[in-house]
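Just so we're on the same page: letters track the sequence lines, and every chain starts at 1.
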2 protein chains.
Amino acid sequence: MTTPQPRQEGRWTRRKNARPAELLAAALDLFVDRGFAATRLDDVARRAGVSKGTLYLYFESKEELFKAVIRGGLVPAIERGERMVEGHTGSLAELLEKIILGWWQEVGNSQLGGIPKLMFAEAKNFPELARFYYQEVISRGYRLLGRVLDEGQRRGEFALVETDHATRIVLAPLVFLLLWRHSFDVCDSRRIDPETYLRLHMSLILDGLRVRTMVPAAAHVG
Amino acid sequence: MTTPQPRQEGRWTRRKNARPAELLAAALDLFVDRGFAATRLDDVARRAGVSKGTLYLYFESKEELFKAVIRGGLVPAIERGERMVEGHTGSLAELLEKIILGWWQEVGNSQLGGIPKLMFAEAKNFPELARFYYQEVISRGYRLLGRVLDEGQRRGEFALVETDHATRIVLAPLVFLLLWRHSFDVCDSRRIDPETYLRLHMSLILDGLRVRTMVPAAAHVG
DNA sequence: TAAATTCCTGACTCATAAGTCATTAATTTT
DNA sequence: AAAATTAATGACTTATGAGTCAGGAATTTA
């Protein structure tokens with residue numbers, strides 16, 4: 001069927017030795033702002049300063065490249081958070097603030113901040129990857145925060161609340177800020193100042209937690 | 001160049017008259033759980049019980065179909081919310097609860113709940129659509145909530161806070177719950193009960209708002 | 001400096017899915 | 001019931017981009 005091989009002889013210049021780290025960085029940039037499907041490997045290669053073929057010397061497929069990007073991304077940040085919790089002495093409100101602001105410095109402000117959006121967008125299409133991400137990043141993040149809240153309740157510093165729910169409520173505005181920056185930010189005329197936003201969030205949530213808060217009996221809604 | 005037209009004569013059966021609403025519903029389903037790029041028009045057509053060609057009788061292109069799906073989706077829900085705010089008498093905490101729970105009933109629990117994820121995922125790739133969605137849904141939603149918070153502050157029911165930030169902090173856990181359900185929900189062993197989650201959120205946030213809360217002077221962080 | 005080795009290149013193949021249109025079924029008009 | 005009109009069909013065209021690989025550049029070895 002195929003009548004191949006009078007392959008045109010080429011004259012080209014070899015560019016440089018590829019660095020896997022650079023390939024991953026280029027891929028992260030593009031995946032983050034175009035999504036998985038819309039990212040062309042040609043572009044990733046160009047951005048990394050190599051040819052498409054080279055990419056395939058390092059990664060079996062686009063999907064493997066994607067996995068590698070995700071894998072290398074947030075796990076180290078989570079680990080640093082875990083170490084921070086272990087070594088902390090002092091009030092748990094302080095620890096909570098330290099975690100939140102540190103997270104913003106490391107993740108929010110960096111290119112890594114784009115990963116959550118990417119994962120939310122692709123989770124349904126890559127169930128296996130979603131599970132990986134859930135186990136290695138999300139659930140560890142929750143566990144970390146959950147430990148802080150539990151300890152706070154044990155010590156009487158925080159009111160008694162359902163920890164699983166509370167961790168999500170604490171995290172939501174952080175993740176939300178991240179998603180925002182990587183999606184609608186450009187449409188938004190009155191940009192949010194992350195620092196102020198996060199301080200307000202912490203202030204509100206700590207007030208809510210510190211005060212003796214029992215979930216009120218069913219609200220009066222039609 | 002092209003040597004066309006010995007087009008094979010076909011024998012086929014006409015299926016039914018297309019209903020635009022059904023086409024939109026089918027498209028919504030698929031867009032929501034596969035994303036824009038990964039959704040094939042062949043599949044949309046099949047789900048709606050028509051052929052691909054029929055789709056093009058009603059929508060100029062895949063992108064136009066997408067826009068139509070979004071347009072028909074959340075704008076009416078926002079409008080109902082606006083009417084609710086106009087007609088309300090009573091405490092603003094009550095109104096806030098009414099809005100949040102009503103929103104969950106209408107949007108969160110329905111197929112519409114998938115749209116926010118979809119929009120976050122595609123915003124960067126469809127700037128024009130993102131702007132449309134921002135103007136027609138997001139900013140109106142914020143304005144709606146903002147009015148409630150402002151009025152609460154005016155009446156002295158709520159503490160004085162930066163409204164723009166506070167609206168986002170109030171909304172974040174709601175949107176977050178939605179995104180979650182349409183992405184990682186399947187990975188999560190301990191499913192979140194939306195009702196409980198939302199009640200805790202409202203309780204925490206209202207505590208935070210009601211108490212005399214001034215953003216504390218810069219925290220003591222390294 | 002020639003041969004062997006390493007590793008990169010980009011034209012090419014091929015699968016996929018958006019978008020087209022000649023054709024045909026159903027319906028309405030005359 | 002024939003003609004005219006309307007509304008669907010799906011095989012076909014075509015653009016795109018993932019993945020391949022024969023061949024060439026740089027480097028190392030002999």
Side-chain angles (χ1 to χ4, degrees), chain A residues 1-24 26-27 29-31 33-69 122 125-126 129, chain B residues 1-24 26-27 29-31 33-69 122 125-126 129:
Chain A
M1 235 151 273
T2 47
T3 353
Q5 273 95 19
R7 204 172 270 258
Q8 172 178 322
E9 81 191 53
R11 191 98 349 212
W12 50 275
T13 49
R14 178 178 168 140
R15 290 210 269 275
K16 64 170 183 182
N17 271 33
R19 293 295 153 78
E22 284 173 18
L23 305 184
L24 287 175
D29 287 350
L30 291 175
F31 279 144
D33 79 41
R34 308 240 254 265
F36 180 75
T39 295
R40 282 166 304 180
L41 291 187
D42 261 324
D43 290 344
V44 173
R46 182 160 339 112
R47 175 176 286 236
V50 300
S51 73
K52 187 161 57 147
T54 304
L55 236 40
Y56 281 87
L57 295 171
Y58 292 84
F59 304 97
E60 267 205 341
S61 66
K62 191 183 185 183
E63 196 166 333
E64 285 303 321
L65 173 61
F66 186 69
K67 289 185 190 177
V69 166
E122 307 293 349
N125 294 93
F126 298 91
L129 190 56
Chain B
M1 232 150 276
T2 46
T3 353
Q5 273 95 17
R7 204 171 268 258
Q8 173 177 322
E9 80 192 54
R11 192 100 347 218
W12 49 274
T13 49
R14 180 180 167 134
R15 290 211 268 275
K16 65 170 181 181
N17 271 32
R19 294 296 154 79
E22 283 173 16
L23 305 184
L24 287 174
D29 287 351
L30 291 175
F31 280 144
D33 80 39
R34 311 241 252 263
F36 180 74
T39 296
R40 281 166 304 179
L41 290 187
D42 260 324
D43 291 344
V44 173
R46 181 160 339 111
R47 174 176 288 235
V50 300
S51 73
K52 185 160 59 146
T54 303
L55 236 40
Y56 281 88
L57 261 34
Y58 292 85
F59 305 97
E60 268 207 339
S61 65
K62 190 183 185 183
E63 195 166 332
E64 284 304 319
L65 173 61
F66 187 68
K67 287 185 191 179
V69 166
E122 306 293 350
N125 294 94
F126 298 91
L129 190 57

First locate atom [atom1] of [X], then atom [atom2] of [Y], and finally report the distance between them rounded to the nearest 0.5 Å.
X	Y	atom1	atom2	value
B/Leu55	B/Arg46	CG	CZ	12.0 Å
A/Asp43	A/Arg34	CG	CZ	5.0 Å
A/Ser51	A/Leu41	OG	CG	11.5 Å
A/Asn125	A/Phe36	CG	CZ	9.0 Å

Nearest-Å distance for atom pair [atom1]/[atom2], residues [X] and [N]:
X	N	atom1	atom2	result
B/Arg15	D/dT9	CZ	P	5 Å
A/Phe66	D/dA18	CZ	P	14 Å
A/Glu60	D/dG19	CD	P	10 Å
B/Asp43	C/dT16	CG	C1'	12 Å
B/Leu55	C/dA17	CG	P	15 Å
A/Arg34	D/dA18	CZ	P	11 Å
B/Arg14	C/dA25	CZ	P	11 Å
B/Tyr56	D/dT14	OH	C1'	13 Å

Quiz item: With respect to the phosphate group of D/dA25, does any side-chain polar atom (N or O) of A/Thr13 fall under 4.0 Å of OP1 or OP2?
Solution: no
Quiz item: What is the nucleic acid contact for A/Tyr58, judged by heavy atoms within less than 4.0 Å: base, sugar-phosphate only, or nothing?
Solution: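 Answer is sugar-phosphate: A/Tyr58 comes under 4.0 Å of backbone atoms only.
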Quiz item: Which is true for A/Leu57 with a 4.0 Å heavy-atom rule: it touches a base, it touches only sugar-phosphate, or it touches nothing?
Solution: base
Quiz prompt | Side-chain donor/acceptor of A/Lys62 to base of D/dG19, under 3.5 Å | solution = no
Quiz item: Which residue, B/Ala37 or A/Lys52, contacts DNA chain C at a nucleotide closer to its 5' end, judged by nearest heavy atom?
Solution: A/Lys52
Practice problem: Take B/Arg40 and A/Ser51, find for each the nucleotide of DNA chain C with the closest heavy atom, and name the residue whose nucleotide sits nearer the 5' end. | Solution: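 Upstream on the strand: A/Ser51.
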Quiz item: side-chain contact (heavy atoms from CB on, under 4.5 Å) between B/Leu129 and B/Glu122: does it pass, once the steps are laid out?
Solution: CA-CA 9 Å; B/Leu129 190 57; B/Glu122 306 293 350; over 6 Å; no
Practice problem: Output the single nucleotide from C/dT23, D/dA25, D/dG19 whose closest atom is nearest the side chain of B/Trp12. | Solution: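 Output: C/dT23.
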Self-check item: Closest to the A/Ser61 side chain, choosing from D/dG19, C/dC8, D/dT9
Solution: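 Within the option list, the nearest is D/dG19.
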Practice problem: For the helix from C/dT1-D/dA30 to C/dT30-D/dA1, measure the angle between the helix axis at one end and the axis at the other, each built from five pairs, rounding to 10°. | Solution: 10°
Quiz item: What do the steps show when you test A/Leu24 against A/Phe59 for side-chain contact (heavy atoms from CB on, under 4.5 Å), and what is the final call?
Solution: CA-CA 10 Å; A/Leu24 287 175; A/Phe59 304 97; 3.8 Å; yes
Quiz item: On DNA chain D, nearest-nucleotide positions of A/Ala38 versus B/Gly53: which is more 5'?
Solution: B/Gly53
Quiz item: Are any non-hydrogen side-chain atoms of B/Lys62 and B/Phe31 less than 4.5 angstrom apart?
Solution: yes
